[in-house]
Amino acid sequence: GKAGYDHFMLKEIHEQPRALRQCLQGRVDELAGEVTLDIDPDISRVQFVACGTSYHAALYGAALFRAAGVPAQAFLAHEYAIQTPPIEDDLVVAVSQSGETADTLAAIREADRRGADTLALTNVVGSTMARECTDALFIRSGPEIGVAASKTFSAQLTAVNLLALATVGAGDEDVRELIGALRDLPANIQTVLDSSDARSVARDYVDSESFFFIGRGYHHPVALEGALKLKEISYTHAEGFAAGELKHGTLALVTPDTPVFAVVTGDDEAARKTIGNVKEVEARGAPVIAVTDGESDVERYADAVLEVPSTHARTAAVLANVQLQLVAYHIANELGRSIDKPRNLAKSVTVE
Ligand code: F6R
């Protein structure tokens, strides 16, 4: 049942601390500063294939591998299946909650036909992808009933961190610090859930007809996901962008009627550049909602703030996404939408 929540989606959003603990369980040795998985693929290059929310996790995963010095790219599975890139020593990783998405299966089968090793990163142990791929890494979220992916996306982000740390490390980053940030993630999500102002932000902006989401680096997939979630469950138009891309055209649509969610954490170059983009939209009169840890001065340019605890940029992306899940949920709820079963959508898309 819904355990007292109005919707499965809200229940699943609140289950995230537990889902992530399960994902991390037994895989992280903090004393040794090591991540161990029961798979040990040889990795020199990586191609990720996925659709929808899982594609956003794939974009994030590819960025983690590149940060460790490993060439990695994410592809939309349906595009990959029809225009397959050259495969050299690539491990092809399918990211799929269900393990049944036909487009992703087609991509994996093509990669397999071309001789690649394949890895399924999935939630469903007996799924077709788990069976057909060379290996499988399970995200261990438990069943997700809401059609819109929520806890499984957070677990995909967590699992792909584990995959990168276990196989290729973290480049210039301090592995122990990253392991600590992953360990802190369930408690930090709980803090977000307990203190979020997403409901009041949703009430303030529920009447808007169009929303934009921007983020840079690890926050780019979060911006894409924030927009997708809002579209799926509220039926409101939304677009997510790499923050730097907005001014290359879409800025023409930015007005006082288009709220912009800006994900800005830390106070590094990425944050400073995104704040530059925030100033551009603020100058056009757009309401700005900053999703931030308060490390930078982005709040000066924001009409509202959704706070996240301070942590590494990689884990901050997960926390920022939780705020955006709550925003999407509360906007959809204010509008009386069918949140757990949005129109036209199915939990698992088994046709190409
Ligand atoms: C979004 C959503 C879809 C799925 C996509 C891939 O909330 O649920 O975009 O992410 O259909 O599904 P899986 O991950 O099962 O391959």
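Note that the coordinates shown come from a computational prediction; the quantities given were computed from them, not determined experimentally. In what follows, every heavy atom counts, from backbone to side chain, and hydrogens, waters and symmetry copies are set aside. Both counts, for ligands and for their atoms, begin at 1 and track the order of listing. The first residue of the sequence shown is numbered 1, and numbering continues consecutively from there.
- In this model, no donor atom of one side chain and acceptor atom of the other lie less than 3.5 Å apart for Q16 and Q190.
- Residue-environment remark: CZ (R199) stays at or below the threshold of 12 foreign heavy atoms within 6.0 Å.
- Partners of D303 under the side chain to side chain contact (heavy atoms under 4.5 Å, CB included) rule, at least two apart in sequence or in another chain, are Y205, P287, V288.
- Checked by atom type and distance alone, the side chain of D340 never pairs as donor or acceptor with a backbone atom of G146 at under 3.5 Å.
- Residue E295 is tested with V298, D297, D293, T292 for a side chain to side chain contact (heavy atoms under 4.5 Å, CB included); the sole match is D293.
- For ligand 1, residues of the protein lying within 4.0 angstrom by heavy-atom distance are C51, G52, T53, S54, S96, Q97, S98, T101, V147, A148, A149, K229, E232.
- Panel note: side chain T258, backbone T255; a donor-acceptor pair is recorded below 3.5 Å.
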